Amino acid sequence: MNKNSRVILAKNIMKLRVSKKLTKETLSLSLAFENSYISKVENCRINITLERLDKIADYFGVKTFELLK
């Protein structure tokens, strides 16, 4: 995943998370991810796997590709 894709993904996840009034830690734990995982994604510090991307999309009730546009 290139830097632009990571930035778009980070913004979209943050937007969805904030709209549901969730902290990064709460979302991470709700998805059974490490405590700081969402923080790392939102700060573009890691590449996300497709499996985890699908899990986040399912959690928010959106299609996976919507997180990248």
Side-chain angles (χ1 to χ4, degrees):
M1 182 178 291
N2 68 38
K3 181 68 173 171
N4 289 334
S5 297
R6 285 197 309 256
V7 170
I8 291 166
L9 176 63
K11 287 180 181 181
N12 287 334
I13 291 173
M14 186 183 307
K15 182 177 161 184
L16 288 167
R17 179 181 60 74
V18 170
S19 75
K20 300 286 186 186
K21 297 181 170 77
L22 298 168
T23 65
K24 294 172 191 173
E25 294 80 16
T26 301
L27 179 57
S28 289
L29 295 174
S30 296
L31 295 167
F33 297 164
E34 308 82 58
N35 191 37
S36 63
Y37 188 80
I38 295 297
S39 179
K40 291 175 184 174
V41 172
E42 287 186 4
N43 289 301
C44 302
R45 289 188 289 165
I46 59 171
N47 285 323
I48 189 169
T49 65
L50 289 176
E51 182 179 313
R52 288 188 174 202
L53 186 60
D54 287 341
K55 197 168 184 177
I56 292 169
D58 287 345
Y59 182 87
F60 286 113
V62 299
K63 303 246 185 238
T64 302
F65 77 88
E66 293 178 277
L67 294 174
L68 296 168
K69 66 177 192 171

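The model shown is predicted, which means the values in this text are computed figures rather than measured ones. All residue numbers refer to positions in the sequence shown, counting from 1.
- In the hydrophobic cluster analysis, where Ile, Leu, Val, Met, Phe, Trp and Tyr join through side-chain heavy atoms closer than 4.5 angstrom, V62 is grouped together with I13.
- Note: the hydrophobic cluster containing F60 does not contain I8 (ILVMFWY, side chain heavy atoms under 4.5 Å, direct or indirect links).
- Using a 4.5 Å cut-off between side-chain heavy atoms of Ile, Leu, Val, Met, Phe, Trp and Tyr, with links allowed through other members, L50 and F65 fall into different hydrophobic clusters.
- Here the closest heavy-atom approach between residue K63 and residue A57 is recorded as C-CB, 4.0 Å.
- At least one side-chain heavy atom of Y37 sits less than 4.5 Å from a side-chain heavy atom of I46.
- In terms of modelled atom types and a separation under 3.5 Å, the side chain of T23 and the main chain of T26 share a donor-acceptor contact.
- Here the side chain of S28 pairs a donor or acceptor atom with the backbone of I38 at under 3.5 angstrom.
- Residues N12 and K69 approach most closely at ND2-O, 3.0 Å, considering heavy atoms.
- At least one side-chain heavy atom of L22 sits less than 4.5 Å from a side-chain heavy atom of Y59.
- One finds a salt bridge joining R52 and E34 here, because a Lys/Arg side-chain nitrogen approaches an Asp/Glu carboxylate oxygen to under 4.0 Å.
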I would like to know whether L67 and L16 meet side chain to side chain contact (heavy atoms under 4.5 Å, CB included); could you show each step before the answer?
CA-CA 9 Å; L67 294 174; L16 288 167; 3.6 Å; yes
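- Atom CD1 of I48 sits about 12.0 Å away from atom OG of S5, to the nearest 0.5 Å.
- The two atoms that bring A10 and E42 nearest to each other are CB-O, 3.4 Å, heavy atoms only.
- Under the 4.5 Å side-chain criterion, counting only non-hydrogen atoms from C-beta, R45 is in contact with S39.
- A continuous path of Ile, Leu, Val, Met, Phe, Trp and Tyr side chains, each step under 4.5 Å between heavy atoms, connects L53 with F33, placing both in one hydrophobic cluster.
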